[in-house]
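Before any comments, here is the structure.
Positions are given from 1 along the sequence.
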Amino acid sequence: MNFLNKFLDRIDYDNYDDFANSCKLKVPEKFNFAYDIIDEYARLTPEKRAILWCNDQGEEKIITFKDLSLLSNKVANVLTSKGLKKGDIVMTMLNRRWEYWVTIMACHKAGIVIVPATFLLTEKDIEYRIKGAGVKCLISINEDSVIKNIDETKPHLSEDFIYYTIGERDGYENFSEAIEKASDQWEKVETDLYDESVVYFTSGTTGYPKMVAHNFLYPLGFIYNAVYWHKVIDDGLHFTSSESGWAKCSWGKLYGQWIAGTCLFIYDYFHKFKPTDLLECIEKYHIDTFCAPPTIYRFLIKEDLSKYNLSSLSHCSTAGEALNAEVWKQFYAATGQKIYEGYGQTESSIIMGTFAMMDIRAGSMGKPSPLYDVHLVDENMNDVEPGVVGEIVIKIHQPQCSLVYKYHNSPELTEERLGAGYHHTGDLAYYDEDGYYWFVGRTDDVIKSSGYRIGPFEVESTLMEHPAVLECAITGVPDPQRGQIVKATIVLANGYKASDNLAKELQTYVKMHTAPYKYPRIVEFVAELPKTTSGKIKRNDIRNGVK
């Protein structure tokens with residue numbers, strides 16, 4: 001059983017054109033995901049699996065929709081017993097603990113705004129978010145390094161600030177114990193479609209992170225993610241690798257997947273990522289559908305994939321940054337599974353994708369989702385022709401599901417970004433004669449050299465085809481003659497050593513496999529690339545020489 005028929009008149013499509021023209025959401029006049037999806041599953045199919053959770057310590061837990069309904073009632077009672085009420089703000093740093101999924105449903109029931117945050121935040125990051133968003137309560141995992149950073153914020157916060165953590169810890173209230181003692185009965189709180197429900201902080205690759213606010217329409221657009229991009233299976237098992245602190249969690253392991261009736265597989269680990277752990281999980285638990293960022297796929301193809309039984313997989317997908325075509329080819333050769341790419345932002349659900357009914361063009365971000373009115377425009381907001389680079393923008397129509405409706409506590413930024421009736425993504429792309437879109441880069445990442453406009457991704461994709469390159473980033477360096485020249489910052493694969501000869505070999509390789517003017521005139525070999533806590537390459541740091 002699933003709830004797709006509540007929101008779609010028709011579910012199956014044989015081709016993209018039919019999908020794009022006909023697949024429209026039925027938007028209800030009132031909707032609260034926790035009441036209208038979770039509690040309804042609990043009423044109609046109480047034993048249906050919602051979550052299969054396990055961790056790197058060998059613990060396992062299955063949570064049914066009945067469990068989820070009652071546990072979220074308990075957490076709602078825990079939060080409101082502290083005086084928190086509709087419109088108040090709670091922040092979580094729960095990594096992949098199952099309590100996160102219970103807590104976000106509790107917040108929806110109580111009308112409390114939730115700020116999901118990564119456990120990797122430093123003391124300054126935590127303080128910035130708490131003060132910027134007006135947070136009144138923080139719920140965290142109970143790990144020494146995380147607690148240390150939170151403790152350092154305490155002198156800067158009000159005395160009535162509420163601190164919870166999982167289990168026993170001095171100076172913190174025991175969240176686990178509070179849940180156990182709380183009542184599982186809950187009196188419904190009314191919410192409006194346009195009430196604020198979730199605030200995400202962006203990754204902050206340049207400048208301070210923005211506070212992206214979503215309302216109670218936010219969950220509905222993720223039907224397109226789950227059904228047409230992830231191709232999840234009713235009563236199946238879906239694995240998206242994101243932790244709870246990022247919007248990718250909402251994309252891949254929450255709203256759309258549950259509306260479509262699949263069970264979420266959650267693998268909880270705290271220490272360094274090991275690619276083999278994910279492969280073992282797929283084999284052991286018979287994962288049906290899988291989504292991970294390109295970074296993880298880059299690690300996976302370096303493993304001997306023939307050692308693992310991955311035959312349960314029926315569909316694989318990726319998002320978070322552009323996928324290099326070479327990674328796609330190697331994964332397909334090793335597993336027989338194609339990777340379906342998706343593109344979107346913290347501000348949205350999937351904006352473009354290689355949807356399940358489409359032919360894949362490796363390296364392409366696919367075509368626009370029917371949810372959004374997508375345009376590719378020049379600097380004067382004119383639509384561009386095929387092959388011409390433009391900015392991806394979304395024309396806003398009401399009711400608009402799953403698109404930022406304001407920037408929290410920032411009316412000026414809201415007016416700047418949304419006031420003209422368009423959402424500007426800041427991402428550049430072009431589309432080909434068949435309507436497939438190809439990522440070029442951020443508006444501030446494009447390199448202008450001797451009159452040419454060079455997108456970093458096209459050069460990175462070429463370099464990634466060379467066996468010596470594990471990861472790379474292309475940036476522009478000021479040059480008195482050319483304006484800018486191309487620089488490649490490269491992490492080498494195992495078995496390769498940095499040398500002038502290898503740098504020349506890579507330069508020649510780019511000249512031979514793409515337009516010669518794009519080749520990197522500077523090559524730097526590094527041990528690792530600077531990245532945000534969500535894994536995105538910080539090109540701004542590379543440009544500025546930050547190590």
- W101 vs I63 side-chain heavy atoms within contact, under 4.5 Å: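 A side-chain contact under 4.5 Å is absent here.
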
- State, yes or no, whether a side-chain contact exists between Y100 and C249 at a heavy-atom distance under 4.5 Å.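 With C-beta onward as the side chain, the pair touches.
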
- Task: Return the set of residues passing side chain to side chain donor-acceptor pair (under 3.5 Å) with E99 (not counting sequence neighbours), or none when no residue passes.
- Result: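 By the side chain to side chain donor-acceptor pair (under 3.5 Å) rule, E99 matches R97.
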
- Task: Measure up the F331 and Y297 rings against each other and bin them: parallel (under 30°), tilted (30 to 60°), perpendicular (over 60°).
- Result: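 Correct class here is perpendicular.
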
Is it the case that [X] and [Y] place a side-chain donor and acceptor less than 3.5 Å from each other?
X: S402; Y: Y224; value: no
X: E391; Y: Y422; value: no
X: E465; Y: H513; value: no
X: T122; Y: N149; value: no

Do the charged groups of [X] and [Y] touch, with an N to O distance under 4.0 Å?
X: K48; Y: D234; answer: yes
X: K61; Y: D268; answer: no
X: K274; Y: D56; answer: no

- Ring center gap for Y255 and Y218 short of 6.0 angstrom: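 Between Y255 and Y218, the centre distance is under 6.0 Å.
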
- Item | Set of salt bridge (charged side-chain N to carboxylate O under 4.0 Å, His left out) partners for R521, sequence neighbours left out |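 Testing R521 for salt bridge (charged side-chain N to carboxylate O under 4.0 Å, His left out), a comparison that skips the adjacent residues, returns none.
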
- Query: Please walk me through it: do T289 and H238 pass side-chain hydrogen bond (donor to acceptor under 3.5 Å, both in side chains)?
  - Reply: CA-CA 5 Å; T289 50; H238 176 73; 2.8 Å; yes

- Query: Where do Y308 and T276 land on the side-chain hydrogen bond (donor to acceptor under 3.5 Å, both in side chains) test, with the steps shown first?
  - Reply: CA-CA 9 Å; Y308 303 91; T276 51; 4.8 Å; no

- Task: Report the C-alpha separation of Y269 and D277 in whole Å, then their side-chain angles, then the decisive distance to 0.1 Å, and conclude whether the side-chain hydrogen bond (donor to acceptor under 3.5 Å, both in side chains) test is met.
- Result: CA-CA 10 Å; Y269 61 94; D277 287 348; over 6 Å; no

- Mind running side-chain hydrogen bond (donor to acceptor under 3.5 Å, both in side chains) on N501 and S499 for me, showing each step along the way? CA-CA 5 Å; N501 286 338; S499 68; 5.3 Å; no

- Message: As a test of understanding, state which of W53, W98, F290, F239 forms a ring-ring contact (aromatic ring centres under 6.0 Å, His included) with F265.
- Response: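 Per the ring-ring contact (aromatic ring centres under 6.0 Å, His included) rule, the option paired with F265 is F239, out of W53, W98, F290, F239.
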
- Counting only heavy atoms not in K395, do more than 12 fall under 6.0 Å of its NZ?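 Open: at most 12 neighbouring heavy atoms sit under 6.0 Å from NZ of K395.
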
